[in-house]
Every structure is written in C-alpha cells, then in structure tokens.
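Keep in mind that what you see is a predicted model, and the values were worked out from it rather than measured. Values below: all heavy atoms of this structure, side chains included; hydrogens, waters and symmetry mates excluded.
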Amino acid sequence: MTLDDLIYKPGLLAGRRYLVTGGGSGLGRVMGEALLMLGATVYICGRRAPVVEQTAQELMAAHGGKVVGLPCDIRKDEQITAMLDAIWADGGALDGLVNNAAGNFVSRTEDLSPRAFDAIANIVFRGSFMMTLDCGKRWLAEGKAASVVSILTTWVWNGSPFTVPSAMSKAGLHAMTQSLAVEWAGRGVRFNAIAPGLFPTEGMSARLNPGGGEHKTEGNPMQRNGRMPELANLAVFLLGPGSEYVNGQTIAIDGAQYQATGGNFARMSAWGDEDWRRARDNIAGQDAKDRRQRLE
Ligand code: HXC
C-alpha cells in the first residue's frame with residue numbers, strides 16, 4: 001500500500017498510538033499499515049510470535065516509523081494485561097484499539113464439539129471483550145479519549161448457517177459496540193464496528209472457502225471483492241480525528257452483498273457428507289501450518 005491509496009493527509013495520526021489485535025496478517029496487517037503510514041505508532045499482537053515480529057519489521061522497512069509486534073493469545077486474560085502493561089509503559093495510553101483477531105471455520109453445527117465452540121467464542125467474543133475491558137479501565141482511570149473499532153461481519157444482522165459460533169460471537173460484539181458507545185460516551189471512549197464483505201486473506205480463505213479456488217464474486221452486485229485500501233480508509237476514518245460524533249455504528253463494506261444475497265453461507269445447505277469431509281481435511285491443513293508457526 002502507498003500513501004496514494006489512502007484519502008488522508010500525511011501525518012494525520014502523528015503522535016497517536018494504536019493496537020491492532022491479529023495484526024500480523026490479513027485485514028489486521030492492512031489496517032496497521034495504514035495507521036503507520038499516517039504517522040501513528042502501531043502495536044500488533046497475535047498468537048504466532050514469528051509472524052507478528054516479521055510483519056513489524058517488514059512494515060517499518062517499507063514505511064519507517066514504529067511498529068511493535070507482541071505475542072499474545074487474547075483467550076488468556078493474564079497475557080492481555082501483561083501486554084497492555086508493556087504498551088502503556090512504552091509510551092503511555094493508547095488512542096485506539098482494533099478488535100480484529102478472530103477464528104472461524106465452516107462446519108455443520110452438529111459436527112461441533114464443545115472445544116470447537118470454545119476455540120472460536122473464546123477468541124472472538126470473550127477475548128475481544130476482555131481486551132476492550134482492560135483498555136477501557138485504563139482509559140477511564142486516566143480520562144483519556146479513545147476509539148474502539150471491532151471487525152465484525154454482516155451476519156450480526158441475519159446470522160450465518162455453518163459458521164454459528166462466529167455468528168453468535170460477532171453478534172455479541174455488535175451488542176457490545178452499541179452498549180458501550182452509550183455507557184462510555186460521556187467519558188470520551190467511543191465504539192464503532194466494521195462489517196467487511198469478501199476481502200480474501202489466507203486465514204479466511206483456507207477456513208471459509210476450503211474447496212480452494214477463487215472466491216466467487218458473481219453474487220456481488222459490484223462483481224468484485226473488496227480492495228484492502230478501501231477497508232483501511234474506513235478504519236482510519238473511525239479511529240482518527242474528525243469522526244468523533246460517529247458512535248455506536250456497525251458499518252458494512254461489502255459492495256451491497258448483504259442486501260443482494262444475505263452475505264452468509266446459506267449456499268452450503270447443498271453440501272453433502274463428502275463435501276464436508278473434504279472441507280474439514282483442507283481446514284486441518286491450514287491449522288497445522290499455523291500451529292507450526294506458534295511453536296517456533
Ligand atoms: C469442526 C473443528 C474444525 C472443523 C477445528 N475444530 N477445526 N471442528 N470442523 N473444521 C475443532 C477441533 O477438532 C477441536 O475440538 C477444536 O476445534 C479446537 O481446535 P484446535 O485446532 O485445537 O484450536 P486452535 O489451534 O486454538 O485453533 C483455533 C481455530 C483456528 C479457530 C480452530 O481456525 C484458528 O486458529 N484460526 C485463526 C485464523 C482464522 O480463523 N482466520 C479466519 C477468520 S475469518 P476437539 O473437540 O476435536 O478437541 C472470520 C470472518 C470472515 O472471522 C467473514 C467473511 C465474510
């Protein structure tokens with residue numbers, strides 16, 4: 001990405017500090033890069049230490065500035081607190097948080113074990129809330145203004161078959177966004193969310209399109225997938241100065257896919273046992289690859 005991809009004046013975020021969870025790859029990396037390019041100090045966290053560290057190095061090599069990669073599993077409360085202690089000690093309060101870290105895979109709901117539900121809900125629902133709460137307590141204690149942006153999906157409005165733990169968890173964060181937007185509005189902490197449509201990334205493609213191949217775009221009224229700078233521009237708008245009166249909103253960025261098709265996985269109702277067996281095998285391959293990076 002270059003500054004020409006962004007619609008903001010250079011230096012817009014100079015002196016500001018942001019944390020992007022799951023910032024080592026995918027959408028989180030793109031949003032972190034945009035914040036960095038506009039002058040912010042950026043912290044990125046993820047479960048795979050080598051990935052967050054390498055991304056930090058690559059982004060600084062490309063754009064200068066300061067990116068810090070921090071290993072953190074947001075399912076572990078003590079890891080959240082230790083990381084935020086380190087960030088606050090490194091230069092003071094954050095100006096914003098992006099709840100981007102997520103886990104998801106397509107599965108028939110009757111095939112889910114309790115651990116499978118927890119694997120997703122403890123990242124998306126519980127982990128994002130605990131991260132928000134720990135930051136929030138610090139902001140309220142200091143009287144610090146801040147902006148929280150959570151990455152959701154359009155399924156918060158209509159649910160999604162075959163990704164039920166994700167749909168339930170993201171809907172919970174949608175409720176958090178609306179609730180805390182009111183509760184903490186008078187104390188300067190605001191909450192918004194983005195519901196992206198298809199912005200293909202490795203983690204998402206492997207688990208939500210496990211048959212492989214290009215993500216189909218024909219159901220999309222704009223007949224294309226999202227472009228990363230489009231997402232980055234929306235995230236910067238919600239996190240940066242000038243949009244303070246925007247509070248409590250979940251904004252879709254999906255080319256009107258949600259209105260046209262419902263934007264979820266209803267089409268998988270046509271899958272049979274063999275399709276689901278193949279999907280699970282393919283997802284297991286990506287999980288094994290990710291796990292190797294976590295153990296390095
Ligand atoms: C059924 C499955 C499964 C599958 C895993 N499990 N994959 N069950 N079908 N395909 C079960 C396992 O059998 C196990 O239960 C339990 O889930 C935990 O699995 P682990 O592999 O031990 O968990 P872990 O290593 O912690 O991995 C977490 C994960 C993984 C969520 C399962 O996918 C992950 O790390 N994902 C991070 C990246 C990611 O998902 N990105 C995509 C986000 S896309 P048992 O009982 O057998 O022990 C997104 C929305 C996109 O969020 C919206 C687009 C429009």
Side-chain angles (χ1 to χ4, degrees), residues 1-46 51-52 54-69 87 91 93-102 145-154 177 190-204 215 217 220 222-247 249-257:
M1 215 160 41
T2 72
L3 264 179
D4 287 342
D5 292 316
L6 302 176
I7 59 177
Y8 303 98
K9 62 183 178 200
L12 178 80
L13 303 176
R16 290 183 178 237
R17 300 157 50 71
Y18 295 94
L19 169 62
V20 183
T21 68
S25 58
L27 307 186
R29 176 182 170 134
V30 169
M31 292 184 283
E33 181 175 15
L35 296 167
L36 176 73
M37 288 164 63
L38 293 166
T41 296
V42 179
Y43 299 86
I44 55 175
C45 71
V51 172
V52 286
Q54 189 181 332
T55 295
Q57 293 306 323
E58 287 173 5
L59 293 181
M60 286 191 285
H63 305 294
K66 179 174 171 181
V67 184
V68 182
I87 291 173
L94 289 169
D95 294 272
L97 164 69
V98 183
N99 285 317
N100 166 78
S147 175
V148 177
V149 171
S150 299
I151 304 304
L152 305 182
T153 70
T154 56
T177 298
R190 67 193 173 110
F191 289 82
N192 292 290
I194 297 173
L198 269 179
F199 289 77
T201 66
E202 184 187 350
M204 184 273 267
H215 282 280
T217 57
N220 188 292
M222 293 182 72
Q223 296 176 329
R224 68 169 175 87
N225 292 327
R227 298 181 182 128
M228 291 300 184
E230 295 172 328
L231 176 78
N233 278 313
L234 178 55
V236 170
F237 171 72
L238 294 172
L239 289 163
S243 64
E244 284 80 4
Y245 208 48
V246 182
N247 194 13
Q249 300 305 305
T250 297
I251 300 171
I253 174 166
D254 71 343
Q257 173 113 28

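- Using a cut-off of 4.0 Å between Lys/Arg side-chain N and Asp/Glu carboxylate O, Arg224 and Glu230 are scored as salt-bridged.
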Take Met31 and Asn100, measure what side chain to side chain contact (heavy atoms under 4.5 Å, CB included) needs, and give me the verdict at the end. CA-CA 9 Å; Met31 292 184 283; Asn100 166 78; 3.6 Å; yes
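- Val246 places a side-chain heavy atom less than 4.5 Å from the side chain of Phe237.
- Contact of the Arg29 side chain with the Glu58 side chain is registered, since non-hydrogen atoms from C-beta on lie closer than 4.5 Å.
- Of the possible donor and acceptor atoms, one in the side chain of Thr55 sits under 3.5 Å from a partner among the backbone N and O of Gly24.
- Residues satisfying the salt bridge (Lys or Arg N to Asp or Glu O under 4.0 Å) test with Asp95, not counting sequence neighbours, are Lys144.
- Applying the ring pair (Phe, Tyr, Trp, His ring centres under 6.0 Å) test to Phe191 and every residue at least two apart in sequence or in another chain returns Trp184.
- When side chains are defined from C-beta on, Val149 counts as touching Ile194, because their heavy atoms get closer than 4.5 Å.
- Using a 4.5 Å heavy-atom threshold, the side chains of Met204 and Leu198 count as touching.
- Counting only distance, with no hydrogens or angles, the side chain of Gln257 and the backbone of Gly255 share no donor-acceptor pair below 3.5 Å.
- When side chains are defined from C-beta on, Val20 does not count as touching Cys45, because their heavy atoms never get closer than 4.5 Å.
- Between the side chain of Asn192 and the backbone N or O of Gln249, at least one donor-acceptor pair lies under 3.5 Å.
- Thr250 is not listed as a side-chain neighbour of Thr154, based on a closest heavy-atom distance of 4.5 Å or more.
- Side-chain atoms of Leu27 and Met228, non-hydrogen and from C-beta on, do get closer than 4.5 Å to each other.
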Check against side chain to side chain contact (heavy atoms under 4.5 Å, CB included), Asn233 and Val236: CA-CA 5 Å; Asn233 278 313; Val236 170; 5.7 Å; no
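- Distance check, rounded to the nearest 0.5 Å: CG of Leu59 to NZ of Lys66 gives 15.0 Å.
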Hey, mind stepping through Ile44 and Leu19 against side chain to side chain contact (heavy atoms under 4.5 Å, CB included) and telling me if it holds? CA-CA 6 Å; Ile44 55 175; Leu19 169 62; 6.0 Å; no
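- In this structure the side chain of Asn99 never reaches within 4.5 angstrom of the side chain of Ile151, judged on heavy atoms.
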